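Single-structure report; data block below.
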Amino acid sequence: MVGLAMAAACGSGGMRSLPSTALLQHDWAEIEQQARGTTVSFAMWAGEDARNRFYQGPVTQTLRERFGIELRIVPLTAVADVINRLLNEKRAGRDGAGAVDLIWLNGENFRTARQGDLLWGPFADRLPNIVHFDAQVRLRDFGTPTEGYEAPVESAQFVFAYDSTRIAEPPPTLAALRAWIEAHPGRFTYPAIPDFTGSAFIRHVLYHAGGEPPVAFVNGFDEGRYARASTRAIAWLREIKPFLWRQGETYPATPADLDRLFVNGEVDFSMNYRPTFAAEKIARGEFPTSTRTFGLQEGTIFNYSFLAVPFNAANPAGALTVTNYFLSPEHAIARSRMLGGLFPQRLEGLTPDARAAVDALAPDPATLPLDWLEAHRIPEGDAEYLIRFEKDWQRRVLR
């Protein structure tokens, strides 16, 4: 079996224990065997009670029973917190066994981690269950090449929610949405940036009102393209501001705050990065049964969340084993049952039992059909567009 290799280092740190990528050369059975009897510290966003219960309950139990692994959740209010911690550890030369073995991340956090050389790998192609994900999914994360340093696990796609008893036909395009907002003052708002749902909404404005095709934002940042598109998009957002809830003087801080405004009848739309969120809230009695979802005909933003291993992980073998389980159809089906969300994997290659279980995840009337969602996907742009546009919104729209 392969343990942690010792690497010599200069300076006051002396000899430091570094996770060796030689582990990746061993058979998968050996990696799983090395992981048995260990603890894996998993840093994940903990802002949703149902998600916390799922990972702390049935997921932890399955990993314990099947692999002999204890899963320790490291709750995060923001994924950037653990990335900043790793940056500080890297700068301080603390390359020894870190406190986190596995991180849930994507987007600008992954880009920061790669720029800071904070991740261990590349490992993704060594995971047996990576075959269940389309190869194209693994190539880029918000425009940043993944290069095997993270593995896709969950998919998300942006949708709006409305009450069909109040609105018969929701606006199908961004231009129609603007016309609706201006015709119904005070009945629309979106979460304040940097909330990720609010950020997704304003990126739709950047992509669809900026005068550039959405695919142009994917392959690297272009200063001229950003200047042209952001000028138009900021103007769009500033021009609707007087027609927003409370005249745009304040915004809901979170999607949960927006949901409350929607349920209380103060606004007519909510929004979320999970296409099934309305059906889930109906089932819990939080949304009226007449709630439905819709998306923009020009396209709605689609992305994946990923898993990565920190550069100083104490237990890379355990992290790989847990990641591979999280990429399994079994886990994806259980997660979809418990938390909602779309099944993120390729249907080709599933066993008959797994395919039957996926088919049994019957669509709800409040959820858009899978074929509509797939036909209207647009990829996330390069993370630099997100970072720049969020700052410009705060400077030129909020203030």
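Computed from a predicted structure; not experimentally measured. One is the number of the first residue; the rest follow in order along the sequence.
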[atom1] ([X]) with more than 12 external heavy atoms under 6.0 Å:
X	atom1	result
R225	CZ	yes
Q115	CD	yes
R396	CZ	yes

| query | Passes side-chain contact (heavy atoms from CB on, under 4.5 Å), V358 versus L350? Steps please. | reply | CA-CA 9 Å; V358 172; L350 294 180; 4.0 Å; yes
| request: Evaluate ring pair (Phe, Tyr, Trp, His ring centres under 6.0 Å) for Y226 paired with F221, printing each intermediate quantity in order. | output: CA-CA 8 Å; Y226 178 74; F221 180 80; 5.8 Å; yes
| task | Go through the structure and list residues passing ring-ring contact (aromatic ring centres under 6.0 Å, His included) with H132, not counting sequence neighbours. | result |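 None.
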Cut-off 3.5 Å, side chains only: do [X] and [Y] have a donor facing an acceptor?
X	Y	answer
S41	R72	yes
Q157	T300	yes
T38	N315	yes
D195	S199	no
E390	Q394	no

| task | Quick one: pull up CD1 in I83 and CD in E108 and give me the separation to the nearest 0.5 Å. | result | 10.0 Å
Flag the pair [X] and [Y] as a salt bridge only when some basic side-chain nitrogen lies within less than 4.0 angstrom of an acidic carboxylate oxygen.
X	Y	result
R140	E380	no
E154	R51	yes
R66	E330	yes
R114	E150	no
K241	E249	no

| note | Tested for side-chain contact (heavy atoms from CB on, under 4.5 Å) against I202, the lone hit among I234, D392, L386, I193 is I193
| query | Who are the salt bridge (Lys or Arg N to Asp or Glu O under 4.0 Å) partners of D163, not counting sequence neighbours? | reply |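 D163 satisfies salt bridge (Lys or Arg N to Asp or Glu O under 4.0 Å) with R166 only.
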| said: If the condition is salt bridge (Lys or Arg N to Asp or Glu O under 4.0 Å), which residues does R377 pass it with, not counting sequence neighbours? | reply: none
| request: Take F269 and T189 through the test side-chain contact (heavy atoms from CB on, under 4.5 Å) and record every step on the way to the result. | output: CA-CA 8 Å; F269 298 100; T189 190; over 6 Å; no
So, [X] side chain and [Y] main chain: donor-acceptor pair closer than 3.5 Å or not?
X	Y	value
D141	T144	no
T293	A366	yes
N106	Y304	yes

| Hey, which of F201, Y162, W180 is the one that makes ring pair (Phe, Tyr, Trp, His ring centres under 6.0 Å) with F188? |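 Looking at F201, Y162, W180, the match for F188 under the ring pair (Phe, Tyr, Trp, His ring centres under 6.0 Å) is F201.
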| query | Can you name the one residue among Y55, F306, W104, F133 that meets ring pair (Phe, Tyr, Trp, His ring centres under 6.0 Å) with F326? | reply | Y55
Determine the minimum heavy-atom distance between [X] and [Y], stating which atoms define it.
X	Y	result
P252	Y190	CD-O, 3.5 Å
G220	D382	CA-OD2, 3.6 Å
L71	V59	CD2-CG1, 4.2 Å

| message | Evaluate M271 against T197 for side-chain contact (heavy atoms from CB on, under 4.5 Å), listing each step before the verdict. | response | CA-CA 7 Å; M271 58 189 73; T197 301; 3.7 Å; yes
| task | On the 0 to 90° scale, with breaks at 30° and 60°, tag the Y385-F217 ring pair as parallel, tilted or perpendicular. | result | perpendicular
| task | Classify the angle between the aromatic ring planes of H204 and F158 as parallel (below 30°), tilted (30 to 60°) or perpendicular (above 60°). | result | tilted
| query | Would W28 end up clustered with V309 when hydrophobic side chains under 4.5 Å apart are linked, directly or stepwise? | reply | yes
| message | Assess the residue pair E89 and N312 against the criterion (side-chain contact (heavy atoms from CB on, under 4.5 Å)); give the C-alpha distance rounded to whole Å, side-chain angles, the decisive distance to 0.1 Å, and a yes or no. | response | CA-CA 9 Å; E89 290 177 352; N312 58 357; 2.9 Å; yes
